[in-house]
Amino acid sequence: MTTLAHYLNDHTANPAVSDVITTITEVGKTISQLLRKGALADILGEAGNQNIQGEDQKKLDVLANDLLLDALAQNSHCAGVASEELDNATPANADGSLLVLFDPLDGSSNIDINMAVGTIFSILPYQRQGEDSENEDFLQAGNQQLAAGYLLYGTSTMLALTVDDNVLMFSLDPDSGDYVLIEDKVQIDADTSEYAINGSNYRYWCAPMQQYIDELIAGKDGVRGRNFNTRWVAAMVGDVHRILCRGGLFTYPFDTKDAKKAGKLRLMYEANPMSLLIERAGGSATDAVNRILDIEPTDIHQRVPVVLGSKNEVSYVKDLHMQHASK
């Protein structure tokens with residue numbers, strides 16, 4: 001049996017990265033316990049305020065954010081922390097060599113109905129050791145990430161992690177308290193017949209995305225010549241986990257629902273870490289045309305459209321967008 005601690009000790013080249021991963025996953029155990037208690041821990045319902053995104057915060061959003069922020073601020077390797085829930089990044093230990101970004105509770109609208117939620121994290125190098133970190137220090141393209149992953153709190157607590165080019169899955173053993181390796185070198189099939197999208201936004205999508213979904217719905221009677229299935233967890237962490245387990249495509253595309261937003265998902269807290277996982281597992285991740293990991297961020301709360309998953313399907317979406325652009 002290989003535990004997370006054993007794996008990080010034996011296979012990870014950067015001990016500082018290993019230590020930060022350990023800090024995050026230890027907090028994950030506490031969040032998992034709170035979710036198991038649910039209403040008994042008084043964590044359900046609204047917190048009564050909004051985050052920087054203008055979204056109503058759940059009680060556990062705030063609690064998970066504080067738990068992670070406090071733990072990482074005490075980690076000597078962590079020079080700064082940025083959270084989806086906070087306006088600005090928080091300086092930590094100036095002598096640290098790493099920056100950490102996280103979405104403390106992705107899919108938090110699922111909490112009150114006892115469905116899957118998760119914690120997403122990204123680890124970047126810090127370039128100005130000895131000085132206090134600032135928002136601008138976090139503005140690095142996703143291809144600079146040293147590690148990324150998520151904790152999925154479902155019927156069991158799972159950890160998906162990419163570090164040193166490998167993608168691994170661990171399961172939290174509730175008896176021992178250890179994260180136990182259950183799959184090494186995770187790979188995604190290049191083809192798929194399963195997709196995830198919020199179809200209620202159809203009227204707001206661009207023409208190539210409408211065409212793509214129309215083709216999938218037409219199934220074997222249309223140009224694709226085979227049937228497709230729709231799956232939608234309403235939490236990116238759940239949909240990406242399904243793709244890592246059995247392939248598929250997940251998209252939250254550009255839409256015109258809100259002219260102020262280029263997409264719904266956050267580049268730094270969601271799109272970049274998930275894209276690193278997907279690419280290292282053999283899949284692809286784009287904003288429909290451009291590789292997400294090559295996007296140069298301009299703001300720590302920047303939003304982007306996302307199309308990720310099985311490589312050939314992501315490529316097909318890009319081709320449709322290119323064809324429409326050339327008309």
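Below, each value reflects all heavy atoms present in this structure, side chains not excepted, and no hydrogens, waters or symmetry copies.
Looking at Asp173, its side chain does come within 3.5 Å of a backbone N or O of Asp175 through a donor-acceptor pair. Of the possible donor and acceptor atoms, none in the side chain of Thr286 sits under 3.5 Å from a partner among the backbone N and O of Arg291. When atom types are taken as modelled, the side chain of Ser133 and the backbone of Ala79 share a donor-acceptor pair closer than 3.5 angstrom. With hydrogens and angles disregarded, no donor-acceptor distance shorter than 3.5 Å links the side chain of Ser315 to the backbone of Lys311. Side-chain atoms of Gln210 come within 3.5 Å of backbone atoms of Tyr202 as a donor-acceptor pair (strictly under, hydrogens ignored). Without hydrogens or angle criteria, Asp164 side chain to Ala13 main chain gives a donor-acceptor distance under 3.5 Å.
Residues meeting the side chain to side chain contact (heavy atoms under 4.5 Å, CB included) test with Phe254, sequence neighbours left out: Cys206, Thr256, Pro305. The side chain to side chain contact (heavy atoms under 4.5 Å, CB included) search around Asn9 returns none, not counting sequence neighbours. For Phe138, the ring-ring contact (aromatic ring centres under 6.0 Å, His included) test picks out no residue, with sequence neighbours left out. Scanning for side chain to side chain contact (heavy atoms under 4.5 Å, CB included) contacts around Arg224 gives Tyr212, Glu215, Leu216, Arg226, Phe228, Glu313, Tyr316, with sequence neighbours left out. Scored by the salt bridge (Lys or Arg N to Asp or Glu O under 4.0 Å) test, Glu194 finds Arg242, Arg246 as partners (sequence neighbours excluded). Residues passing the side chain to side chain contact (heavy atoms under 4.5 Å, CB included) test with Asp95, sequence neighbours excluded: none. Looking at residues two or more places apart in sequence or on another chain, you find no ring-ring contact (aromatic ring centres under 6.0 Å, His included) involving Tyr204.
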Determine all donor-acceptor pairs shorter than 3.5 Å in which one atom belongs to a side chain in residues 144-152; sequence neighbours excluded.
unit_1: Gln145; atom_1: OE1; unit_2: Ser122; atom_2: OG; d: 2.7
unit_1: Gln145; atom_1: NE2; unit_2: Gly142; atom_2: O; d: 2.9
unit_1: Gln145; atom_1: NE2; unit_2: Asn272; atom_2: O; d: 3.1
unit_1: Tyr150; atom_1: OH; unit_2: His241; atom_2: ND1; d: 2.7

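Between Pro297 and Ala141, the shortest heavy-atom distance links the atoms CD-N, 3.8 Å. For the pair Thr162 and Arg280, the tightest heavy-atom approach, listed with the atom from each and the gap, is OG1-CD, 2.8 Å. Pro125 and Leu99 make their closest contact through O-CD1, 3.9 Å (heavy atoms, listed as atom of the first residue, atom of the second, distance). Nearest heavy atoms, Ala190 versus Ser310: O-CB, 3.5 Å. Of all the heavy atoms in Asn227 and Ser193, the pair that sits closest is O-CB, 3.6 Å. Among all heavy-atom pairs drawn from Ser32 and Thr157, the shortest one is OG-OG1, 2.7 Å.
Using a 4.5 Å cut-off between side-chain heavy atoms of Ile, Leu, Val, Met, Phe, Trp and Tyr, with links allowed through other members, Val289 and Leu320 fall into different hydrophobic clusters. In terms of hydrophobic clustering, with Ile, Leu, Val, Met, Phe, Trp and Tyr side chains grouped at heavy-atom distances under 4.5 Å, Ile300 and Ile120 are assigned to a common cluster. Note: the hydrophobic cluster containing Val163 does not contain Leu276 (ILVMFWY, side chain heavy atoms under 4.5 Å, direct or indirect links). Linking Ile, Leu, Val, Met, Phe, Trp and Tyr whenever their side-chain heavy atoms come within less than 4.5 Å puts Ile31 and Leu86 in one cluster. Both Leu168 and Ile24 are assigned to one and the same hydrophobic cluster, defined by single-linkage of ILVMFWY side chains at heavy-atom distances under 4.5 Å.
In the hydrophobic clustering (ILVMFWY side chains linked at under 4.5 Å, chained through shared members), Val233 stands by itself.
For residues 3-26, every residue pair satisfying the ring-ring contact (aromatic ring centres under 6.0 Å, His included) rule, not counting sequence neighbours, is listed here: Tyr7-His11. Counting only residues at least two apart or on different chains, the side chain to side chain donor-acceptor pair (under 3.5 Å) pairs with a member in residues 64-74 are Asn65-Ser83. Pairs passing the side chain to side chain donor-acceptor pair (under 3.5 Å) check and including a residue from residues 17-29, sequence neighbours excluded, read Asp19-Asn75, Thr23-Asn75, Glu26-Lys29.
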May I have the step-by-step check of side chain to side chain contact (heavy atoms under 4.5 Å, CB included) for Asp255 and Arg203, ending in yes or no?
CA-CA 9 Å; Asp255 64 47; Arg203 66 191 183 279; over 6 Å; no
Show the numbers, then the answer: is there a side chain to side chain contact (heavy atoms under 4.5 Å, CB included) between Glu270 and Val240?
CA-CA 11 Å; Glu270 296 165 319; Val240 169; over 6 Å; no
For the pair Val27 and Phe102, evaluate side chain to side chain contact (heavy atoms under 4.5 Å, CB included) and give the outcome as yes or no after the intermediate values.
CA-CA 12 Å; Val27 175; Phe102 61 78; over 6 Å; no
Verify side chain to side chain contact (heavy atoms under 4.5 Å, CB included) between Cys245 and Glu183, making sure each step is shown before the conclusion.
CA-CA 10 Å; Cys245 289; Glu183 189 169 358; 6.0 Å; no
Does the side chain to side chain donor-acceptor pair (under 3.5 Å) test come out yes or no for Tyr153 and Thr119, once each step is laid out?
CA-CA 8 Å; Tyr153 313 110; Thr119 297; 2.9 Å; yes
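Between Thr3 and Phe170 the shortest side-chain heavy-atom distance does not fall below 4.5 Å. At least one side-chain heavy atom of Val307 sits under 4.5 Å from a side-chain heavy atom of Met209. Inter-residue side-chain proximity for Leu249 and Val317 is flagged as met; some heavy-atom pair is nearer than 4.5 Å. Contact annotation: the side chain of Leu68 never approaches that of Phe121 to less than 4.5 Å [non-hydrogen atoms, C-beta and beyond]. Counting heavy atoms from C-beta outward, Leu4 and Asp178 have side chains that stay 4.5 Å or more apart. For the pair Leu98 and Val17, the minimum side-chain heavy-atom distance is below 4.5 Å. Side-chain contact between Met268 and His301 is absent, with no heavy-atom pair separated by less than 4.5 Å. Counting heavy atoms from C-beta outward, Asp106 and Tyr269 have side chains that stay 4.5 Å or more apart.
How far CG of Asp287 is from CZ of Arg303: 15.5 Å, rounded to the nearest 0.5 Å. To the nearest 0.5 angstrom, Ile123 atom CD1 is 4.5 Å from Ile21 atom CD1. For the atom pair CG (Leu105) and CG (Leu35), the distance works out to 6.0 Å, reported to the nearest 0.5 Å. Note that the CG atom of Asn143 and the CD1 atom of Ile292 stand 12.5 Å from one another [nearest 0.5 Å]. Here the CG atom belonging to Asp299 is positioned 7.0 Å from the CG atom belonging to Leu139, to the nearest 0.5 angstrom. Once rounded to the nearest 0.5 Å, the distance linking CG of Asn198 with NZ of Lys264 reads 8.5 Å.
Checked by atom type, the side-chain pair Tyr179/Ser171 shows no donor-acceptor distance below 3.5 Å.
Taking 4.0 Å as the cut-off between side-chain N and carboxylate O, Arg128 and Asp137 count as a salt-bridged pair.
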